[in-house]
Amino acid sequence: MLENVTCISFDDFITRFVQDALASRSSSSATGWQPKPGPSNKHDAERLEVRVPSWNPFKDMPRATVEKDMYQNITDALSGAGLTTEFQFVSNPYKGDSSGRSGQAVDCGMCPKQGASRLDPANDEGHTGRVNWSWIDIVIECKMNSTDDDPFDEAHETHEPVAAGRREVLGQVLDYARLIFQYQQRTFQFMVLFLGDMARILRIDHAGIFATAKFKYRDEAAGLKLAHFFWNHALLSSAERGHDTTATRLDPNGPDAERMREQVKNVGPDDYVRAMLVGTLDEGWPWWKMEVPDEERGGSRTFLVGKPHFMAPGVAGRATRGYIALDANNPDGPPVFLKDAWRVVSDDIEQEGSVLKTLHENQVQCVPTPVCHGDLAGQETRTQAVWPEYHPGMECPLKTHQHYRLVVKEVGKPLEQFENSSQLVSALWCCVTAHAEAYTNANIIHHDISTGNMLLFRNEEGTWEGMLNDWELSKRRDQQDKKERQPDRTGTWQFLSANALNDHKKLIRIEDELESFFHVLLHISVRFLPHNLGDAHVPQFLHDYFDDYSTAGTDHHCGMAKLAAMQAGFVSISQYKAQHEGPDRLKILFPASACPTSPPTAPSTAAKTADSTVDHPLNGVIETLLSWFSAYYTLDRLEREARAATNKENPAPVSRNISQQFRRMKAAINARAKRGIKEPSPAAPSKVTVATSKAKVDRAALEEHANKLASHTALLELLEDVLDKDVWPLQPDRVADRKPEKGWVSKTNDQVPKASFISGSRKRTLESVPENPPSPCIRSKA
């Protein structure tokens, strides 16, 4: 996705992204765009009680010697120009937003006055004390150097920077954009960068970025145009400024907000859904009333939401957010789950709500129940539509993203919150059942099995079930067979099959999906269950097996640890242990009878109290599955070798001169030697060794094992068999999560390949992995 950034001239930028919105009430002139409010447009007329820019407010602005001086100089210049009465220019670079974990603080911003009034009081230097991402209309960032601090490089074909310092600034800019999208309800956003004596204006949506070429804002004409940009921006409607008008911000003291608070009073100990709702009613975040189209019945419904329960990282792509929601017309009813996403528009990608409807019509169990869903009219990314005009003759790599909302009845909790290993395997069985029924009954394959898409849900009888969620990437099997791949085939890197990672055009089949289920089981087990891998080694193991990658030219493929496990039929941990330090294969440990009745607070506690004389039932599941995968990958290798052998119709010619020359040289050296080299002859190979080396592969046995993966039946029977036995630990065997909050950081800073600088999501488009994966430390103010 290195083509996400395009730099164009200032005038083209204004024509494409600002002037069109003003066309109904403005006209172009030599110095800018002069509004023409009609007598019936009283609000616009009142807003024109400001000075139309006729001079460059930056021309005589004092020159800053340090960056912090730029903040005040620029906001003073903009405020002194009298460009707007409804917005305020503020500088707040010293404290991050107190409501979030990022701690990010942007230098300056253009905020509506009601938002600026919510900021902390100004300090002695006139700077507001803390940024509030939920109110910033335009982010304004200041840098001292016009080249070294420029996040774009127009000398480079993709306009993305190569220098580490400039890449770091780009990461910072994208972090700001991400926070605006997360805290607000936006369709796009503008951003202004001041780079020494140069400036750029950016327009960012979920398809990519358009930026102006750098211009000297102190020059009379350029500075006047920039002033006109801010002036015209203030005249635009909220939708024209990039705000989603189907979401209304709630007054914290209004009736809807009070009704939401009422729903979380006296939450019972077993009411996990309302307990989750409590966590989203964060007073530091804006709360919203959202419209959700009902495409099945017509019209729309409204729901009340607080802080997102889930937020996908990054800027480009689907930008999914999940909310625990209340029906605005029946807030006393049960909470539901509202998914807000920018889905890919394609003829062969269905709306997720339509897929769920099909699944339920075909009696597929353990999947969400749709309540209502639909596209939000007029809310589609624009970057991909303009991109071809500036890249003639090139196929546009950007996807069209449509704003979409879906409400489902069930509110699940993450699989990671399982209580014990038997519940984990039970949930896995439910999800495999859902996958099997979708495949056989509805002719649909999921395409994105991952830990995040497998949930725990308490049914009406009070029993915990697994639920297979997130069907937005699913495919109809008949469509998949006709077309090798969908235009934006993505998956979660950590859980894709080794074959899928090594062949990005591979048709995803049952074998790949069942392998993904295995990787989910292994990932959760290593993080939360006692095992023979030292706790200190877990972070690196998670990186090596799930995050790592190998390279072939400019392509990124499966990491060696995952591929080795699939080929060998066991998960090796020898590289994390000293020689002769216990078994070299991963084993889940059975907790001793003296284990505490509640999960220990430290991972090492369970390991020390494990009973090594009892084999954990999960080991049998893992070993059996690995034997099937090993057989499958062995047969795949043999078939590829056989195909390669049949292609050798014209073997390359060999030279006989080399061997003849070597024999003459050897004879001459031995003749000159005073005595021959006398070493003990190696022992003759044992009969066992000889027999092994000459043995033919038992293809029938391999095919028997590999065929277990041709359908869901064998896996379901395996899970059913072990769950039906009294072999599970009596005491809870879940331990504290061993995965570091920020993951394992390599000494070389070279980890899992990112989709692009613009999308930090672990769910990535495989063809979008960059040539040079960026450092995970790219965001300087994080």
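Index from 1, following the sequence.
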If we ignore hydrogens and angles and just use 3.5 Å, is the side chain of Asn502 paired with the main-chain N or O of Cys558 as donor and acceptor? yes
Is the charged tip of Arg738 near the ring of Phe528: under 6.0 Å from the six-membered ring centre and within 45° of its axis? no
Are the side chains of Glu472 and Gln351 in touch, meaning some heavy atoms are under 4.5 Å apart? no
Is any side-chain N of the basic residue among Glu262 and Lys265 closer than 4.0 Å to the acidic one's carboxylate O? yes
A side-chain contact here means heavy atoms from C-beta on lying under 4.5 Å apart; do Asn499 and Tyr632 qualify? yes
Taking NZ, NE, NH1 and NH2 as the nitrogens, is one of them in Arg301 or Glu291 under 4.0 Å from a carboxylate oxygen of the other? no
Can a donor-acceptor pair be found, under 3.5 Å and without considering hydrogens, that links the side chain of His446 to the backbone of Asp470? yes
Has Asp347 got more than 12 heavy atoms of other residues, nucleotides or ligands less than 6.0 Å from its CG? no
Does Lys413 make a cation-pi contact with Trp464 (under 6.0 Å, within 45 degrees of the axis)? yes
Test: Arg261 and Glu283 ion pair at under 4.0 Å: yes
Validation row: Val425, Leu719 side chains within 4.5 angstrom (heavy atoms): yes
Please report the closest heavy-atom contact between Arg274 and Leu326, naming both atoms and the distance. NH1-CD2, 4.5 Å
All heavy atoms of Thr320 vs all of Ala341, minimum pair found to be OG1-CB, 3.6 Å
Would you sort out whether Arg382 and Thr187 count as a side chain to side chain donor-acceptor pair (under 3.5 Å), showing the intermediate values? CA-CA 10 Å; Arg382 193 174 174 197; Thr187 57; over 6 Å; no
Please evaluate residues His206 and Phe188 with respect to the criterion ring pair (Phe, Tyr, Trp, His ring centres under 6.0 Å), reporting the C-alpha separation (whole Å), side-chain torsions for both, the decisive distance (0.1 Å), and the verdict. CA-CA 7 Å; His206 292 298; Phe188 67 89; over 10 Å; no
Pair Asp512 + Arg509, salt bridge at N-O below 4.0 Å: no
Just so I know, are the side chains of Leu709 and Leu514 near enough to count as touching, which here means a heavy-atom distance under 4.5 Å? yes
Quick one, Val526 and His531 - any side-chain contact, counting heavy atoms below 4.5 Å? yes
For Glu350, the option from Arg343, Lys475, Lys357, Arg476 that meets salt bridge (charged side-chain N to carboxylate O under 4.0 Å, His left out): Arg476
Do the side chains of Asp244 and Arg186 get close enough for a salt bridge, i.e. N-O under 4.0 angstrom? no
Verify the ring-centre separation between His435 and Phe517: is it less than 6.0 angstrom? yes
Verdict with supporting geometry, His712 and Glu513, side chain to side chain donor-acceptor pair (under 3.5 Å): CA-CA 10 Å; His712 302 80; Glu513 299 278 81; over 6 Å; no
What's the separation between atom NE2 in His243 and atom CZ in Arg249, rounded to the nearest 0.5 Å? 10.5 Å
Return the minimal non-hydrogen interatomic distance between Phe337 and Glu410, and the atom names on each side. CB-O, 3.6 Å
Does Asn619 reach the main-chain N or O of Ile588 with its side chain, forming a donor-acceptor pair under 3.5 Å? yes
Does either side chain, that of Gln384 or that of Thr381, offer a donor lying less than 3.5 Å from an acceptor on the other one? yes
To the nearest 0.5 Å, how far apart are CD1 in Ile204 and OG1 in Thr383? 9.0 Å
Close side-chain approach of Tyr323 and His309, heavy atoms under 4.5 Å: no
Just do the side chain to side chain donor-acceptor pair (under 3.5 Å) check on Gln363 and Asn441 with the steps written out, would you? CA-CA 8 Å; Gln363 290 79 49; Asn441 300 353; over 6 Å; no
State, with a plain yes or no, whether a side-chain heavy atom of Lys289 is found less than 4.5 Å away from one of Asp256. yes
Is the terminal nitrogen or CZ of Arg178 (NZ for Lys, CZ for Arg) located under 6.0 angstrom from the six-membered ring centre of Trp133 and within 45° of that ring's axis? no
Would you find a donor on one side and an acceptor on the other, under 3.5 Å apart, between the side chain of Asn459 and the backbone of Thr463? yes
Considering non-hydrogen atoms only, spot the tightest contact between Pro308 and Arg321 and give its length. CG-CD, 4.2 Å
When you compare the side chains of Asp375 and Gln402, does any donor N or O come within less than 3.5 Å of an acceptor on the partner? no
Looking at Thr302, is its backbone amide N or carbonyl O close enough to the side chain of Asn329 to form a donor-acceptor pair, meaning the two atoms are under 3.5 Å apart? no
What is the minimum heavy-atom distance between Val264 and Val267, and which atoms define it? O-CG2, 3.3 Å
Is any NZ, NE, NH1 or NH2 atom of the basic residue among Arg458 and Glu465 found under 4.0 Å from an Asp or Glu carboxylate oxygen of the other? no
Test log, rule ring pair (Phe, Tyr, Trp, His ring centres under 6.0 Å), inputs Tyr183 and Trp285: CA-CA 7 Å; Tyr183 276 81; Trp285 281 69; 3.8 Å; yes
When the ring planes of Phe546 and His519 are compared, do they come out parallel, tilted or perpendicular, using 30° and 60° as the limits? perpendicular
Assess the residue pair Asp340 and Arg405 against the criterion (salt bridge (charged side-chain N to carboxylate O under 4.0 Å, His left out)); give the C-alpha distance rounded to whole Å, side-chain angles, the decisive distance to 0.1 Å, and a yes or no. CA-CA 5 Å; Asp340 181 281; Arg405 290 197 181 118; 2.7 Å; yes
Would you give the length of the straight line joining atom CG of Leu473 to atom CD1 of Ile449, rounded to the nearest 0.5 angstrom? 10.5 Å
Asp733 and His616: side chain to side chain donor-acceptor pair (under 3.5 Å), yes or no, with the steps? CA-CA 10 Å; Asp733 52 354; His616 198 289; 3.0 Å; yes
Closest approach of Gly353 and Leu406, non-hydrogen atoms and distance? CA-CD1, 3.8 Å
Taking the side chain as everything from C-beta on, heavy atoms only, tell me whether Thr433 gets closer than 4.5 Å to Leu716. yes
